[in-house]
Amino acid sequence: MDPTQPADRIFEGGTLLTMNERQPSAQAVALQGGRILAVGTRHEVFAFQGPDTEVVSMRGGTMIPAVVDDDTAPENVEQEPQGTLEPGQRANFVVLNGNPLTVTPRAREELRVMHVVKDGQSLYMADTEAAHEDAPVFSEDLFLDESGWLV
């Protein structure tokens, strides 16, 4: 990650739940090389936009961090930082069509996954052809614990 270089991708247009007590929410996030480069207001994050930066609209959705287990890492090796949306963390997150912290527990069952990103790469986007074919890898059912974390 090089803060002097532009972001690869910027996600904006929704709510970002950072799970970071110092900055609980944000308006946009910039990614570079599979890591989070910047999190903050649109103005702060778009300062990292370059001519080739892809801007992805969350279409009013809510981004939450996801923790991805690395089954290939040896047990004695420390895992890469993840689990919050803050600079330096692995860019692993999910964009939902609603905010799991502001809906009732019953309404949480109605939340839908709009976008899944692992190490900065999109694994699933709800508006792609594969999503319309009901790809079996990503179920549209989403279950959350009371803190809002994916379980």
Side-chain angles (χ1 to χ4, degrees), residues 1-103 108 111-128 130-131 135 137-151:
M1 192 173 67
D2 182 354
T4 64
Q5 296 296 314
D8 300 328
R9 300 168 88 191
I10 292 176
F11 283 78
E12 60 86 32
T15 302
L16 285 78
L17 301 178
T18 67
M19 301 303 176
N20 175 349
E21 290 179 4
R22 294 181 310 274
Q23 182 186 27
S25 64
Q27 296 176 331
V29 62
L31 311 182
Q32 184 189 78
R35 296 209 179 262
I36 296 173
L37 176 64
V39 178
T41 65
R42 288 186 86 253
H43 179 74
E44 292 167 337
V45 172
F46 274 85
F48 294 93
Q49 183 178 18
D52 297 324
T53 301
E54 177 187 8
V55 177
V56 179
S57 172
M58 296 189 311
R59 298 178 305 182
T62 300
M63 179 186 291
I64 61 173
V67 176
V68 178
D69 290 331
D70 187 356
D71 296 332
T72 63
E75 288 185 34
N76 59 348
V77 174
E78 188 173 332
Q79 292 289 322
E80 296 281 339
Q82 57 182 335
T84 58
L85 299 176
E86 58 186 307
Q89 298 279 11
R90 286 173 62 187
N92 297 334
F93 53 83
V94 176
V95 178
L96 308 172
N97 68 340
N99 185 335
L101 301 181
T102 61
V103 298
R108 287 182 184 171
L111 292 175
R112 298 290 180 254
V113 175
M114 296 170 57
H115 207 123
V116 176
V117 174
K118 178 183 178 208
D119 293 328
Q121 300 299 312
S122 294
L123 299 181
Y124 174 82
M125 291 187 297
D127 57 355
T128 63
V137 178
F138 296 102
S139 168
E140 288 198 5
D141 293 324
L142 179 68
F143 298 94
L144 302 159
D145 69 12
E146 289 305 309
S147 70
W149 286 97
L150 292 171
V151 293

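Below, all heavy atoms of this structure are taken into account, side chains as well, without hydrogens, waters or symmetry copies. The first residue of the sequence shown is numbered 1, and numbering continues consecutively from there. Predicted model, so just to flag it, every value in this text is computed and none were measured.
In this structure, R35 contributes its side chain and G88 its backbone to a donor-acceptor pair below 3.5 Å. Within the 3.5 Å criterion, the main-chain N or O of G33 finds a donor-acceptor partner in the side chain of D8. For the pair T84 (side chain) and N20 (backbone), a donor-acceptor distance under 3.5 Å is absent.
The OG1 atom of T15 sits 6.5 Å away from atom CE of M58, with the distance rounded to the nearest 0.5 Å. We find the CZ-CD distance between R9 and E54 to be 4.5 Å, quoted to the nearest 0.5 Å.
Inter-residue side-chain proximity for K118 and R90 is flagged as met; some heavy-atom pair is nearer than 4.5 Å. Contact check for F46 versus V55: side-chain heavy atoms found under the 4.5 Å cut-off. Between I10 and Q49 the shortest side-chain heavy-atom distance falls below 4.5 Å.
Taking F11 as the reference, F93, H115 meet the ring pair (Phe, Tyr, Trp, His ring centres under 6.0 Å) condition, with sequence neighbours excluded. Every residue was checked against the side chain to side chain donor-acceptor pair (under 3.5 Å) condition with Q32, not counting sequence neighbours, and none meets it.
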From CA spacing to verdict: side chain to side chain donor-acceptor pair (under 3.5 Å), T18, Q23: CA-CA 7 Å; T18 67; Q23 182 186 27; 5.6 Å; no
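Pairing each heavy atom of G61 with each of M114, the nearest pair is CA-SD, 4.2 Å.
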